[in-house]
Structures are given as C-alpha cells and as structure tokens.
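Below: the structure, in structure tokens.
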Number of protein chains: 2
Amino acid sequence: NEPDDPQVDLDNMELWEQFHRRGTEMVITKTGRRMFPSFKVKVSGLSKSAKYIMLMDIVAADDCRYKFHNSRWMVAGKADPELPKRMYIHPDSPATGVQWMNRPGVSFHKLKLTNNIADPHGHVIHTYTILNSMHKYQPRFHVVRCGDLAKLPYCAFRTYVFKEMQFIAVTAYQNEKITQLKIDHNPFAKGFRDS
Amino acid sequence: NEPDDPQVDLDNMELWEQFHRRGTEMVITKTGRRMFPSFKVKVSGLSKSAKYIMLMDIVAADDCRYKFHNSRWMVAGKADPELPKRMYIHPDSPATGVQWMNRPGVSFHKLKLTNNIADPHGHVIHTYTILNSMHKYQPRFHVVRCGDLAKLPYCAFRTYVFKEMQFIAVTAYQNEKITQLKIDHNPFAKGFRDS
DNA sequence: GATTTTTGCACCTAGGTGGAAATT
DNA sequence: TCAATTTCCACCTAGGTGCAAAAA
C-alpha cells in the first residue's frame with residue numbers, strides 16, 4: 001500500500017506529437033524565451049508519505065550541427081561544445097508523494113532558453129538554460145526520492161524521456177509550419193492568427 | 001569575521017511613515033488583496049555561510065474593534081476572536097547569509113490579505129492571511145538560523161517589528177486621505193490619478 | 001552574397017487598482 | 001436607515017508572442 005514506482009505522463013501529448021511530426025523548433029534569445037508547448041507532467045505511483053524532489057534538464061540529443069535547407073533539416077557538421085547544463089529544480093521541492101500526485105500537474109513553464117553565456121543573475125533558482133543554436137536537444141524529467149536538497153547529489157535519479165519533446169534550438173523560426181503551429185496554439189501569439 | 005547579528009531595515013520607510021501618520025488601512029477581499037506599500041526589508045550582519053529561513057506574519061495589534069467616525073478611527077468594542085495565523089515562509093528559504101544579503105531586498109509582496117475563512121487551496125506555499133475587518137494589525141519579520149524547513153519549529157526566532165506598518169483591515173477605504181496616498185503611489189492605481 | 005542574430009514593436013495574456021452600484 | 005461587504009468594471013502594470021528591419 002506504499003508503492004514507489006512513479007508513472008509519468010506527458011501533458012498535452014497530442015500537441016507535442018503534432019510539433020514532433022514537423023520537427024519542433026524552440027526559439028532562444030538573449031533575454032530568455034519559454035518553451036512552447038510547455039513541459040508539464042502528471043505523476044502517479046509515488047509513496048504517499050515519502051518526500052520527493054522533481055527536476056528537469058535539457059541535454060544534447062546528438063553531436064550534430066543542423067541547417068534548414070530546401071524545407072528540411074539537414075546535418076551540417078559536428079556539434080559545437082556544450083556549456084555545462086544545470087538541473088532546474090521544481091520550486092516546490094521537496095514535497096511528499098501525495099502532494100505531488102494531488103496537483104493537476106508538475107509544470108516547468110518558467111524555464112527559459114537562452115544563447116546568452118553571461119548568466120543574468122546569481123539566482124538561487126536557476127531559470128535559464130544555455131543552448132547552442134541550430135543544435136538538437138532532448139528535455140528530461142527526473143524524480144528523486146529525497147527529503148533534503150543538500151543530499152540531492154547522493155540520491156538515485158529516476159529519469160523519464162519523451163522523444164516527442166526533441167527540438168532544434170533556433171534564433172528565428174526556419175520551418176513556417178512550426179511557426180503556424182505556435183501561432184495557432186500559443187495564447188500569447190493570438191495576435192498573429194488569421195480568424 | 002562571521003557575525004550572526006542581523007540588522008534589518010524596512011524598505012521605503014518614508015512612504016510607510018506618510019501612511020502611518022494618517023492611520024494606514026489595508027483592503028481585504030474574498031479573493032485576497034496585496035499590501036501596499038509592500039513589505040520589503042534589507043538584511044545585513046548575517047553569517048555568510050550559515051543558512052537562514054526568512055518569514056513574516058501578521059498578528060493582532062490590540063484587542064479592540066474599530067470604527068471610522070467623524071473622520072477618526074475610534075474604539076468600538078472588544079475584538080472578535082482571531083483565526084490562527086500561519087507563517088508566510090519566504091519561498092527562497094532556506095538560503096545562506098551571503099545569498100540573503102546580496103539581494104536588493106527580501107520581499108513579501110506576494111502575500112495576500114483576505115476575510116475569506118475557506119482556504120482557497122491546500123497550497124504548499126501559504127499566500128493568504130485571514131484577517132478581521134475593522135481590527136488593527138501588526139506585521140512582523142522573522143529571521144531563523146536554520147538549514148532545514150522541517151526543523152523550523154525547534155529553532156530560535158529573531159523577530160523584528162516596525163510600528164510604521166500597523167494598519168486597520170477594511171473591506172472599503174474609510175479615510176479618503178489614505179485612498180489618495182494609495183492612488184498617488186501604487187502604480188496599479190495610476191488610472192485614478194488626476195494629472 | 002548569404003545566413004544568422006539582434007532590436008524594437010504591436011498585439012496578446014495575466015493579474016493588481018479603486019470606484020460605483022448592488023447586496024447583505 | 002445605516003454600516004459593512006460584495007460584485008463588476010475601466011484602467012493600469014508586467015510580461016510572453018512572432019514579425020520586420022537592421023545588424024553582425
């Protein structure tokens with residue numbers, strides 16, 4: 001009656017698949033840009049009383065550089081070196097299993113993607129992830145049974161990867177079909193819709 | 001070279017004093033209303049490496065009920081019973097002394113005042129404080145040398161009180177001079193300014 | 001020249017104000 | 001009748017969009 005076998009479901013999977021079929025792009029800017037669709041998961045199967053820390057990060061999906069040519073993404077050489085990535089710790093961590101499971105979802109919408117090497121601030125909570133433009137990335141989600149942030153480095157991670165979330169970082173959209181999907185579904189881009 | 005004698009300065013003291021001279025009022029609503037001026041302090045004198053938790057709460061200033069009569073606040077009987085108050089833990093807690101001192105200030109602007117007894121959600125982070133209308137209150141600030149939220153109940157609190165922050169909770173402003181000060185200084189009320 | 005990045009912008013969402021009228 | 005509270009609103013701040021032009 002106290003399981004500890006997390007089941008993780010990606011929120012808005014149908015939308016993610018629509019983007020995935022066309023080759024998702026995410027804009028990176030100097031001041032930081034959110035992901036769309038946003039990264040949100042529903043977690044079940046946790047021990048009710050045990051404490052957990054939830055995290056995400058974004059890692060290189062391969063060691064290639066890409067370019068968009070003839071309406072297609074093509075490999076264009078070897079990847080540039082990656083800057084060290086920091087884990088984005090969900091700000092409500094640590095919390096008990098029942099607290100995580102009772103919420104409508106665990107959302108990482110505040111994370112921002114940037115190409116700005118200079119860290120904006122020495123914030124306690126790291127909101128920015130530095131990416132290379134024209135490179136392919138894979139977001140990951142981690143569940144750690146751990147009640148104390150200080151002990152996080154010594155705890156076992158359980159990692160969940162959704163291929164549907166792979167994307168290529170860009171400073172300006174390349175594929176107009178991706179642009180249109182963003183406009184159609186992101187409420188902040190409603191001003192560019194036709195209807 | 002590792003002091004542990006916190007010095008706390010109230011931000012925007014001149015503005016607080018302007019309100020204090022006229023008898024500050026704070027609006028409470030069903031959905032919750034922020035304080036204005038907002039509660040922000042600058043902390044120094046902490047041990048650089050020790051971890052601290054920062055908190056605030058709001059307690060009854062006396063055991064009276066008030067009414068506004070002939071342009072003055074007057075005692076109008078004995079206070080209604082207070083609902084138990086919860087500490088509002090600053091969301092960046094715990095953090096090291098140098099992290100707290102390096103920031104421009106420790107801000108509690110997200111706290112909301114309400115007269116709604118039904119707690120809106122079972123949030124991990126408590127944002128709402130329930131107050132009685134027409135009663136006088138005193139906000140307080142607490143510094144706790146403590147590295148673990150779970151151990152907070154067993155740690156020694158150092159409490160700082162600014163009399164300039166005393167206010168009477170209202171559902172609608174009584175003193176028009178207070179209303180005008182709010183309009184003059186709160187950027188969200190700019191629409192009501194004359195100029 | 002061609003590609004990639006930056007900047008400023010109009011247009012949105014989201015939410016914090018006190019006023020005025022309605023309600024309790 | 002009077003005092004206190006609730007509801008809805010226009011008017012703000014704050015900040016997330018892709019676009020177009022300029023810059024690198």
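A, B, ... follow the sequence lines: proteins, then strands. Residue 1 opens every chain.
Ring orientation note: the planes of Phe39(B) and Phe108(B) are tilted relative to one another, at an angle of 30° to 60°.
For Arg158(A), the CZ atom counts as densely surrounded, since its 6.0 Å shell holds more than 12 non-hydrogen atoms of other residues, nucleotides or ligands.
Taking atom CD of Glu25(B) as the reference point, atom C1' of dG18(C) lies 13 Å away to the nearest angstrom.
Bracketed by its first and final contacts, the part of DNA chain D lying under 4.0 Å from non-hydrogen atoms of chain A reaches from dG15(D) to dC19(D) in 5' to 3' order.
Every residue meeting the side chain to side chain contact (heavy atoms under 4.5 Å, CB included) condition with Thr29(B), not counting sequence neighbours, appears here in chain and number order: Val27(B), Thr31(B), Arg33(B). Listed by chain and residue number, nothing satisfies the ring pair (Phe, Tyr, Trp, His ring centres under 6.0 Å) test with Trp16(B) (two or more places apart in sequence, or in another chain).
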Is there any protein nitrogen or oxygen under 3.5 Å from a nitrogen or oxygen in nucleotides 21-24 of chain C, and what are the pairs?
none

Distances for protein N/O vs nucleotides 7-10 of chain C N/O pairs under 3.5 angstrom?
none

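The stretch residues 172-188 of chain B touches DNA chain D through Ala172(B), Pro187(B), Phe188(B), each having a heavy atom within less than 4.0 Å of the strand. Within a heavy-atom distance below 4.0 Å of DNA chain D, the residues of residues 164-171 of chain B found are Thr171(B).
Taking only distance into account, the side chain of Arg193(B) never meets the base of dG18(C) through a donor-acceptor pair shorter than 3.5 Å.
Phe36(B) and Ile58(B) sit in two unconnected hydrophobic clusters of ILVMFWY residues. Membership requires side-chain heavy atoms under 4.5 Å apart, directly or through other members.
Among the protein residues, Lys112(B) comes within range of the sugar-phosphate backbone only, with heavy atoms under 4.0 Å from sugar or phosphate atoms but none that close to a base.
Ranked by how close their nearest DNA chain D nucleotide is to the 5' end, Arg34(A) and Lys67(B) are led by Lys67(B).
Using modelled atom types, one side-chain atom of Arg22(B) and one backbone atom of Gln18(B) make a donor-acceptor pair closer than 3.5 Å. With Glu25(A) contributing its side chain and Asn175(A) its backbone, the two residues share a donor-acceptor pair below 3.5 Å.
Sequence neighbours left out, the pairs with a member in residues 53-63 of chain A that pass side-chain hydrogen bond (donor to acceptor under 3.5 Å, both in side chains) are Asp57(A)-Arg140(A), Asp57(A)-His142(A), Asp62(A)-Tyr66(A), Asp63(A)-Lys78(A). Screening residues 169-189 of chain A for salt bridge (charged side-chain N to carboxylate O under 4.0 Å, His left out) gives no qualifying pairs among residues at least two apart or on separate chains.
In this structure, OG1 in Thr96(A) is found 8.0 Å from CG in Asn102(A), a value given to the nearest 0.5 Å. Separating the OH atom in Tyr52(B) from the SG atom in Cys155(B) is a distance of 12.0 Å, to the nearest 0.5 Å. Here CZ of Phe192(A) is found 11.0 Å from CG of Asn186(A). Values are rounded to the nearest 0.5 Å.
Terminal axes of the helix from dT3(C)-dA24(D) to dT24(C)-dA3(D) (five pairs each, C1' rotation axis) are separated by 20°, to the nearest 10°.
At a cut-off of 3.5 Å, with distance as the only test, a side-chain donor of Asp5(A) or Gln7(A) sits close to an acceptor on the other residue. A donor-acceptor contact under 3.5 angstrom links the side chains of Ser47(A) and Glu2(A), judged on distance only.
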Only distances under 3.5 Å count here; give the side-chain donor-acceptor pairs of residues 144-152 of chain A to other protein atoms, sequence neighbours excluded, each with its distance to 0.1 Å.
unit_1	atom_1	unit_2	atom_2	d
Arg145(A)	NH1	Asp4(A)	OD2	3.0
Asp148(A)	OD1	Ala150(A)	N	3.0

Please tabulate, one pair per line, all N/O donor-acceptor pairs under 3.5 Å involving side-chain atoms of residues 129-139 of chain A, not counting sequence neighbours.
unit_1	atom_1	unit_2	atom_2	d
Asn132(A)	ND2	Pro81(A)	O	3.2
Asn132(A)	ND2	Glu82(A)	OE2	3.4
His135(A)	ND1	Ser133(A)	O	2.8
His135(A)	NE2	Asp80(A)	N	2.9
Tyr137(A)	OH	Glu82(A)	OE1	3.1
Tyr137(A)	OH	Glu82(A)	OE2	2.8
Tyr137(A)	OH	Asn132(A)	N	2.7
Gln138(A)	OE1	Gln166(A)	NE2	3.1
Gln138(A)	NE2	Phe162(A)	O	2.9

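For His109(A) against Ser38(A), the heavy-atom pair with the smallest separation is CB-CB, 3.9 Å. Across Leu55(A) and Phe141(A), no two heavy atoms sit closer than the pair O-CD1, 3.4 Å.
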